[in-house]
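Nothing here was measured: the structure is a model prediction, and the numbers come from that model. Lettering of chains follows the sequences in order, A, B, ..., and the numbering in each one begins at 1.
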Amino acid sequence: MRKQKKYYVVWEGKNPGIYETWDECKKQIEGYKGAKYKSFKTLDQAKEAFCNPHLANSKPLDYPLYGICVDASYSTKTKEMEYRGILLHEKNKLLFSQGGYKNATNNIGEFIAIVHALALCKKNNWNYPIYSDSKTAISWVNKKKVNTKLKLNEENHILFEHLTRALNWLKENTYNNKIIKWNTEKWGEIPADYNRK
RNA sequence: ACAU
DNA sequence: CTATGT
Ligand SMILES: [Mn+2]
Ligand SMILES: [Mn+2]
């Protein structure tokens, strides 16, 4: 199920007003010091709020605008995992996207996504910071050790192959990229998110 | 408890 | 509500 449509009120930004998408809203507040904005469920609520700026309770938008963001999604419904990476400083351009991993876990997806980004960076001589919202996956990357409880079975042997490949890449390569925890509470959902929650 |  | 992890 897709996320419900929202209306975005921008009180302080390049062009204050009401916007129908986060992308449009974001344009108005990126790089705008002291931006004030907030989302509402209905257009009526948004219109009302626009006339009452004291309703603004959002923090300034000052999340990172340079580097790579990765995210993964695992559906317990379809038992499928996918992950992807985007470039913050190229208007969230999609860098890579992989899916169809049956019988996986969220954390394995988040882990492979980070390593995929690291390998891509090394190949291109990029030293971009890499953002992930997964404490678990960042920990696994830093320790070069995957502590999953998932059992290998007929459904997920490809997943485990790719997991092993990622782990081997980590152990056999060096990198200088910073791996940074995306601060979801302060910055909102990581831009690579699948917005399914 | 915290992070997905 | 379920599950994956530190
Ligand atoms: Mn995530
Ligand atoms: Mn997500």
What is the distance from NZ of A/Lys135 to P of B/rA1, rounded to the nearest Å? 12 Å

So where does chain A start and stop touching DNA chain C, 5' to 3', when the test is distance under 4.0 Å to a non-hydrogen atom? C/dT4 to C/dT6

NZ of A/Lys91: more than 12 outside heavy atoms within 6.0 angstrom? no

A/Ser139 side-chain N/O to B/rA3 phosphate OP1/OP2 under 4.0 Å: no

Sugar-phosphate, base or nothing in reach of A/Asp71, heavy atoms under 4.0 Å: nothing

Within this structure, what is the CG-to-P distance between A/Asp133 and B/rC2, rounded to whole angstrom? 16 Å

If you look only at distance, which donor and acceptor atoms sit under 3.5 Å apart when one is on a side chain in residues 105-124 of chain A and the other is two or more places apart or in another chain?
from, atom 1, to, atom 2, distance (Å)
A/Thr105, OG1, A/Asn107, N, 3.4
A/Thr105, OG1, A/Ile108, N, 3.0
A/His116, ND1, A/Tyr83, OH, 2.8
A/Lys122, NZ, A/Thr174, O, 2.9
A/Asn124, ND2, A/Leu120, O, 2.8

A/Leu167 to A/Val146 - nearest heavy-atom pair and separation: CD1-CG2, 4.0 Å

Taking CD in A/Glu154 as the centre, count heavy atoms belonging to other residues, nucleotides or ligands within less than 6.0 Å. Is the count above 12? no

Donor-acceptor pair present, A/Asn106 side chain and B/rU4 base, under 3.5 Å: yes

Report which part of the nucleic acid A/Thr76 touches: base, sugar-phosphate, or nothing (heavy-atom distance under 4.0 Å, all strands). nothing

Specify the separation, in whole Å, of atom OH of A/Tyr194 and atom P of B/rU4. 16 Å

Checking side-chain polar atoms at under 3.5 Å, does A/Ser139 have a donor or acceptor matched by the opposite partner on A/Lys135? no

Find the distance A/Trp182:CH2 to B/rU4:C1' and express it as a whole number of Å. 15 Å

Could you check A/Arg84, A/Arg196, A/Glu80 and say which one makes a side chain to side chain donor-acceptor pair (under 3.5 Å) with A/Ser73? A/Arg196

